[in-house]
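Read through the structure below, which is laid out as structure tokens, and then see the notes.
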Amino acid sequence: IVELDTMRERVSTGDKAGLLDTLAKARSARLNLPVRVAANDVVEVRVPVPDRPGVLAEITTLASELSVNIHDLEIAHSAEGLAGVVLLFVDASQAERFTSGLVARGYKPTTQVLE
């Protein structure tokens with residue numbers, strides 16, 4: 001509400017410099033947003049993980065070693081804090097290579113095609 005009131009004030013008083021500054025900041029923020037990928041090109045890889053230091057680094061390093069691009073990731077923590085699930089969104093064409101690498105490292109990933 002405060003920001004809207006500020007913009008209303010800038011418009012009503014003709015504060016061109018303030019408006020241009022606000023619009024430039026908004027443009028910069030918008031350009032830094034991630035680009036959406038078509039859902040049919042991306043697979044969700046779910047990796048159950050123990051809650052210990054280095055797990056995320058192991059998984060992302062493996063992705064790098066296998067030249068697998070991670071479009072996005074999310075970490076779902078267990079309420080007990082002993083385990084969690086890492087959700088990774090990768091190219092469908094790379095999912096099998098990535099999951100095979102995870103299995104070879106002792107992880108038990110599952111995949112799901114996004115709709």
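Computed from a predicted model, the values in this text were never measured in an experiment. By convention here, the first residue in the shown sequence is residue 1.
Between E58 and T61 the shortest side-chain heavy-atom distance does not fall below 4.5 Å. The side-chain heavy atoms of D51 and L82, taken from C-beta on, include no pair separated by under 4.5 Å. In this structure, D21 and K25 have side chains that are in contact, with non-hydrogen atoms separated by less than 4.5 Å. Two residues are said to be in side-chain contact when any heavy atoms from C-beta on lie closer than 4.5 Å; T99 and V43 fail this criterion.
Pairs passing the salt bridge (Lys or Arg N to Asp or Glu O under 4.0 Å) check and including a residue from residues 93-102, sequence neighbours excluded, do not occur.
At a threshold of 4.5 Å between side-chain heavy atoms, the hydrophobic network of Ile, Leu, Val, Met, Phe, Trp and Tyr places V11 and L20 in two separate groups. The cluster map of Ile, Leu, Val, Met, Phe, Trp and Tyr, joined by side-chain heavy atoms under 4.5 Å apart, puts V103 and L62 in different clusters.
Environment of CZ in R52: crowded, with over 12 heavy atoms of neighbouring residues, nucleotides or ligands closer than 6.0 Å.
Between A63 and I70, the shortest heavy-atom contact is CB-CD1, 3.7 Å. Closest approach of N69 and H71 over heavy atoms only: ND2-CE1, 3.3 Å. Closest non-hydrogen pair, F98 versus L66, comes out as CA-CD1, 4.1 Å. Contact record, V49 with V85: CG2-N, 4.4 Å, taken as the closest heavy-atom pair.
Interatomic distance, CG of L88 versus CD1 of I59, reported as 6.5 Å (0.5 Å rounding). Here R10 contributes atom CZ and T22 contributes atom OG1; the two are 3.5 Å apart, rounded to the nearest 0.5 Å. We find the CD-OG1 distance between E65 and T60 to be 9.5 Å, quoted to the nearest 0.5 Å.
Looking only at distances, no side-chain donor or acceptor of E44 sits under 3.5 Å from a matching main-chain atom of L87.
Every residue was checked against the salt bridge (charged side-chain N to carboxylate O under 4.0 Å, His left out) condition with E3, not counting sequence neighbours, and none meets it.
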